[in-house]
There are 2 protein chains.
Amino acid sequence: MKPSVGIRDVAQHAGVSNATVSNVLNRPDVVAPATRQRVLAAIAELGFVRNESARQLRAGRSRVIAYVVLDAANPFFTDVARGVEDAAREAGFALFLCNSASDDGREREYLELLHEQRVEGILITPVDGDSAQFAERGTPLVLVDRESTDGTRCSVAVDDVLGGELAMTHLIEAGHTRIAMIGGPLSIQQVRDRHSGALRALANAGLPADALTFLETKDLQVAEGRGAGERLVGLPSSRRPTAAFCANDLLALGLLQSMTQQGLRVPDDLAVVGYDDIEFAAAAAVPLTSVRQPREQLGRTAAQLLLSENEPDHEHRHVKFQPELVVRASSAIKR
Amino acid sequence: MKPSVGIRDVAQHAGVSNATVSNVLNRPDVVAPATRQRVLAAIAELGFVRNESARQLRAGRSRVIAYVVLDAANPFFTDVARGVEDAAREAGFALFLCNSASDDGREREYLELLHEQRVEGILITPVDGDSAQFAERGTPLVLVDRESTDGTRCSVAVDDVLGGELAMTHLIEAGHTRIAMIGGPLSIQQVRDRHSGALRALANAGLPADALTFLETKDLQVAEGRGAGERLVGLPSSRRPTAAFCANDLLALGLLQSMTQQGLRVPDDLAVVGYDDIEFAAAAAVPLTSVRQPREQLGRTAAQLLLSENEPDHEHRHVKFQPELVVRASSAIKR
DNA sequence: CTCAGCCGTTAAAACGTTTCAACATCGAGG
DNA sequence: CCTCGATGTTGAAACGTTTTAACGGCTGAG
């Protein structure tokens with residue numbers, strides 16, 4: 001429809017060459033103020049919008065980074081994304097947000113797309129923990145909320161083993177001796193780490209390993225938490241756990257909901273501890289005890305690490321943050 | 001670093017011309033199977049990745065649409081985004097997700113960026129309801145969850161006046177005669193519409209207009225809901241409303257939290273109705289009565305409308321969905 | 001008066017694709 | 001044997017920028 005006004009139309013209209021227009025756009029200081037004004041006027045008048053494809057093709061740079069997020073519906077990740085976005089925009093980069101929705105097919109598609117787009121860098125919380133899957137293709141890539149096992153790239157993570165230990169120790173100290181851990185699938189590194197931490201806490205307290213029952217779920221969504229709650233209530237009350245440690249807050253919220261529906265009280269009949277400390281955890285049916293992670297900072301740090309990748313003396317780093325237990329009503333002391 | 005293998009390297013390696021390689025990429029059926037295999041082998045061997053910038057520059061198409069979302073941390077919008085993404089990927093488009101975070105500066109920046117990127121189309125839930133602000137620049141644009149006042153573009157919305165009326169009628173029928181509406185700022189069309197609906201319900205029931213007190217908030221986040229709760233409790237109990245209708249669920253959750261903290265019971269001391277029916281509404285301290293909107297469908301429809309824009313006989317349409325009241329414990333009948 | 005140096009501007013060459021008209025090759029139909 | 005159409009392939013011209021080296025005009029020093 002519209003013949004799409006280009007840099008040369010502007011040049012003609014302002015009576016200069018297109019190189020000058022390009023200079024006005026990219027190095028305003030190098031062009032004489034008078035001409036600059038004239039060019040800017042022409043740009044405004046013609047409604048010129050720079051064609052980023054052409055720019056990128058020629059310049060080789062793209063001013064865009066991407067974050068491939070594991071689950072855009074999980075508030076934990078939207079908070080991380082906010083940190084990423086803030087850091088990116090401070091550095092003059094735009095953020096391309098992609099949602100793999102825990103589907104490795106989608107993840108692959110998006111990575112392919114991003115490579116084709118020649119983004120400057122990629123942040124990713126991968127579906128599969130195995131970071132070796134990302135064939136190096138020249139685009140800097142840093143792992144978010146996952147630890148890089150090999151030293152081939154940067155990563156920013158939180159100590160999930162410690163987090164699991166904190167949660168579990170808290171429940172043990174509250175007097176619980178039959179505890180369930182709810183989470184899954186075990187293919188997720190996070191779940192495994194938090195479980196290891198829980199086991200470590202058990203060992204530290206001198207409790208037998210069978211004091212902890214692991215209930216595996218298919219994913220980390222609210223619905224699975226509800227399902228786990230039903231499974232839990234189905235157990236004979238003599239063998240039923242008196243406390244549950246959920247691998248994330250969504251599961252915990254589902255579990256809470258299921259307890260309320262079935263007429264059980266939290267924390268009296270079942271103490272519950274979640275993980276992530278999302279904003280909704282404090283507003284839950286019973287305010288949720290949870291393991292807090294520095295979400296925005298996670299994202300912010302990851303973005304900064306990514307943007308430092310093309311500095312000449314860059315060395316891959318592995319940042320690890322410490323989680324922190326936030327105690328609320330859902331795990332009040334057992335009397 | 002890597003000399004970036006291009007289409008002509010592939011061509012040379014496979015012993016064909018670059019036009020043929022391009023054909024393999026874009027019209028595989030037109031090239032002889034034998035050559036196609038040879039080219040594909042070369043692509044795999046050299047690790048060729050198509051340069052999307054160059055493609056786009058030449059072809060003029062971009063295979064990317066964008067959704068500028070108002071608040072990525074609000075589950076309502078992530079659900080809409082999911083609908084958008086599904087529809088987009090079905091049509092072979094990728095989705096660029098941008099978060100304006102209710103900041104019109106950010107919104108403008110993103111729109112500028114998207115125009116420069118020459119995306120095929122833009123979906124947007126604008127910060128400011130005034131849709132005339134978007135100077136037509138050749139990129140199709142459809143409004144999501146906002147109604148287009150002029151007929152210059154498509155929009156997909158939900159009948160917010162009806163939603164407000166449903167919520168309010170419900171509270172009135174439950175016997176409440178002093179009701180607060182919490183929401184803001186009034187510059188947001190949604191808030192105004194839901195308020196009008198509430199007033200209409202009032203009129204229908206023959207109640208005086210001052211039965212509804214409007215408490216304006218600065219935004220629609222959880223924290224403002226908490227603040228409103230404190231303001232509410234500060235009122236002398238003789239004049240304190242017995243029910244509150246919140247302009248969205250985040251506010252309602254904050255309000256709920258504040259009530260619990262201050263030792264008031266919901267719904268006995270205060271009945272609460274939210275709006276959006278996000279997943280967390282059902283898992284709240286007291287399961288929340290809310291007005292449900294067809295979230296995914298909203299997004300899906302918007303994307304389909306957008307993608308139909310460049311059909312030759314396209315006419316701008318304004319789709320409007322009906323909301324639905326979901327009654328839960330937070331507004332149980334007053335006895 | 002000449003020349004070196006500076007400043008602002010420019011012409012033209014990339015960048016890596018897609019696309020189109022043109023070109024071979026081949027088999028079939030006249 | 002010639003022509004025709006179909007099938008596959010190709011050379012070269014775009015697309016709209018950025019970038020580089022060169023250019024002309026001016027100033028001040030010699």
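Lettering of chains follows the sequences in order, A, B, ..., and the numbering in each one begins at 1.
When heavy atoms are screened at a 4.0 angstrom cut-off, A:R36 is found touching no nucleic acid atom at all. A:S53 comes within 4.0 angstrom of nothing in the nucleic acid, heavy atoms only. Within the nucleic acid shown, B:R50 comes within 4.0 Å of sugar-phosphate atoms alone, with no base atom in reach, counting heavy atoms only. Counting any heavy atom pair closer than 4.0 Å across all strands shown, B:N26 reaches sugar-phosphate atoms only and no base atom.
Residue B:R27 places none of its side-chain N or O atoms closer than 4.0 Å to OP1 or OP2 of C:dT18. Phosphate contact (OP1/OP2 of D:dT19, side-chain N/O of A:R61, threshold under 4.0 Å): present. Under 4.0 angstrom from either OP1 or OP2 of D:dT19 there lies no side-chain N or O belonging to A:S22. Between A:T20 and the phosphate of C:dT9, there is no side-chain N or O to OP1/OP2 separation shorter than 4.0 Å.
Where B:V31 and A:N18 each meet DNA chain D at their nearest nucleotide, the meeting point lying more 5' is that of B:V31.
Using a cut-off of 4.0 Å between Lys/Arg side-chain N and Asp/Glu carboxylate O, A:E296 and A:R82 are scored as not salt-bridged. For the pair A:R63 and A:E52, the salt-bridge criterion is met [side-chain N within less than 4.0 Å of a carboxylate O].
Residues B:R89 and A:R106 are in side-chain contact: their nearest non-hydrogen atoms beyond the backbone lie under 4.5 Å apart. Inter-residue side-chain proximity for B:Y67 and B:L306 is flagged as unmet; no heavy-atom pair is nearer than 4.5 Å.
Comparing D:dG16, C:dT18, D:dT18 by their closest approach to the side chain of A:A59 singles out D:dT18. When distances are taken from the side chain of B:L57 to each of D:dT18, C:dT17, C:dG16, the shortest belongs to C:dG16. The side chain of A:T35 lies closest to C:dG8, out of C:dG8, D:dT18, D:dG8. Among C:dT9, C:dT10, D:dT10, the nucleotide with an atom closest to any side-chain atom of A:A32 is C:dT9. Of all nucleotides listed (C:dA12, C:dT17, C:dG16), C:dA12 comes nearest to the side chain of A:A19.
Shown are B:H316, B:H318, B:R146; of these, the side-chain hydrogen bond (donor to acceptor under 3.5 Å, both in side chains) with B:S155 is made only by B:H318.
For A:R58 against D:dT18, a side-chain N or O and a base N or O form a donor-acceptor pair under 3.5 Å.
C:dA14 atom C1' lies 16 Å from atom CZ of A:R55, rounded to whole Å. Taking atom CG of A:N23 as the reference point, atom P of D:dA21 lies 14 Å away to the nearest angstrom.
Heavy-atom distances under 4.0 Å link DNA chain D to no residue of residues 110-121 of chain A.
Annotation: the span from B:T152 atom OG1 to B:L141 atom CG amounts to 9.0 Å, rounded to 0.5 Å.
Not counting sequence neighbours, the partners of A:E120 by the side chain to side chain contact (heavy atoms under 4.5 Å, CB included) test are A:S62, A:I65, A:F93, A:N310.
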